Amino acid sequence: MSLIKCTQMNSRILLNMCKYDSPRFLTREYSYKTIKRPDPRTLKMPTPESAPNLIEIIKEKIRLNGPITVAEYMHIVTTNPTEGYYMKKEVIGEAGDFITSPEISQLFGEILGIWFYAETQKMCEAKPLQIVELGPGKATLLIDMLRVLNKIGYTSHDLSIHLVEISSTMQSIQANRLCVSHRPVEIDMPHNHEGETLSGIKVYWYNDLKKVPQNFSWYVAHEFFDVLPIHKFEKTEKGWRELLIDIDDTGKLLYRLSGNETQAVKMLIRPPLDSGDRTELEISARSLGVARQLAKRVDEHGGLALIADYGHEGEKGDTFRAFQKHQVVDPLETPGKSDLTADVDFSQLRIAASKTPGEENYALVVGPVKQKDFLEQCQGELRLQVLIDAAKKDEDKEKIKSAYEMLVDPNKMGERFKFMAFYPSTMASILTKYPPLGFSNLKP
Ligand code: SAH
């Protein structure tokens, strides 16, 4: 199918979706995670009550084994099964700590659904199809994507949903929003929870991407990579050293630079990452591993992967920060009570996912492009108009419009958030002829 046909088809899908259930919109303005690292002197102090067990777990580990890496700290804070940050009930949204694009406008998930469908048309019919989401949050993105797929004619016979989610609290939030019935899986299965949607689509939950069946899939990771643990490094006169977390005499957590090369310095710092006059570096070994797995899966078993997050292309080195109640706070204060995050270095993901000489089965990588450009090239404005026309009250029309503007405004989320996609390497010649939607002017 030609790109023009694809584009015409997208327009038709968008316009055919006029008969909408009431459009969803926010009732007030939220703040989203900002990319700017704040001046530490102006940081707000987080609310005093901490997760007592988590801070004790961290301090005990340091007392017994010495300073820990930032990656170890993030790992404990995010994934501790009882005290971890994502075990909190309200993380995303007004009552939580931050807001994300799918929560701001339903257009976001709908456009992603259309993008996956349009790009898949260049490959095959894509039935049966697995939708795999990493870190689905409140499952809002998925609900919006499913609405589009339903309009296009996908049924429970064609689709299954596979969610990679570390937190049992988030799993229940997702299950309650997506499913009419769901249950934990007791027996030894790769997934630990399962359910069905109202239309009978099977939903499975896993704690690791490795456990998801290797079939033709759409992989989506929105604001997932930014929560994965990072190592932080600084260049000294003696060479690269790792920033570690220690405790002072008063029992307060603080940063300390390693005296010698740590294992992570030896393993992770290599060209081209340490090139130029960089003095600070953040590397997420976990992110590189996940990006590589996604690339291999897409290449070997077919499908597409779409990564959307705030990030840069290697020009930043000090972006680790924390959010609590929509405010930036000190990441070492009250661990488990604030969201720990670092900007995604898309240049590192590209290296991890791309085919290197002598290696087979890695993906074609496109992007990153700015969120604004991606959404606009996917005809976001056309869909916006459909939604505005479907809203009954003027004030609702205004809310829908301002929510979309928040996503595309260069001063808000339009430029800070970026999109990257992985295609099977066999798509090279097709993509040269019919360039990837949303990534125009970019060669794979
Ligand atoms: N994608 C959602 C939520 C982003 S928040 C949105 O954009 O609204 C990050 C999500 O990733 C949460 O659901 C969190 O519980 C999950 N998560 C964090 N660390 C994870 C890990 N190591 N493995 C799987 N899921 C993880």
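Since the structure is predicted, the reported quantities are computational estimates derived from the model, not experimental observations. Counting starts at 1 for both ligands and their atoms, in listed order.
Near Val164, with a cut-off below 4.0 Å to any heavy atom, the atoms of ligand 1 are 24 (C), 25 (N). Contact atoms of ligand 1 toward Gly137: 2 (C), 3 (C), 13 (O) (distance under 4.0 Å to a heavy atom of the residue). Interface atoms of ligand 1 facing Thr100, defined by a heavy-atom separation under 4.0 Å, are 6 (C), 7 (O), 8 (O). Less than 4.0 angstrom separates some heavy atom of Ile92 from each of these atoms of ligand 1: 3 (C). Under a 4.0 Å criterion applied to the non-hydrogen atoms of Val227, ligand 1 contributes the atoms 18 (C), 19 (N).
Between Tyr206 and His191, the ring-plane angle classifies as perpendicular under the 30° and 60° cut-offs. Using the six-membered ring where Trp is involved, Trp115 and Phe439 have ring planes that are perpendicular, over 60° apart on the 30 and 60° scheme. Ring geometry for Phe417 against His222 counts as parallel: the plane angle stays under 30°, on a 0 to 90° scale with 60° as the upper cut. Between His231 and Phe233, the two ring planes are parallel [angle under 30°; tilted spans 30° to 60°].
A donor atom on one side chain and an acceptor atom on the other are found under 3.5 Å apart for His301 and Gln214.
In this structure, of Glu223, Glu165, Lys138, Met170, the residue bringing a heavy atom nearest to atom 16 (C) of ligand 1 is Glu165. Checking Thr341, Ile166, Leu163, Ile99 against atom 24 (C) of ligand 1, the nearest heavy atom belongs to Ile166.
To the nearest 0.5 Å, atoms OG1 (Thr341) and CG (Asp309) are separated by 7.0 Å. To the nearest 0.5 Å, atoms CG (Leu146) and CG (Leu142) are separated by 4.5 Å.
Between Thr79 and ligand 1, not a single N/O pair is under 3.5 Å apart.
Proximity of Leu134 to ligand 1, defined as any heavy-atom pair under 4.0 Å, is not found for any part of the residue. Both the backbone and the side chain of His222 come within contact range of ligand 1, each with a heavy atom under 4.0 Å.
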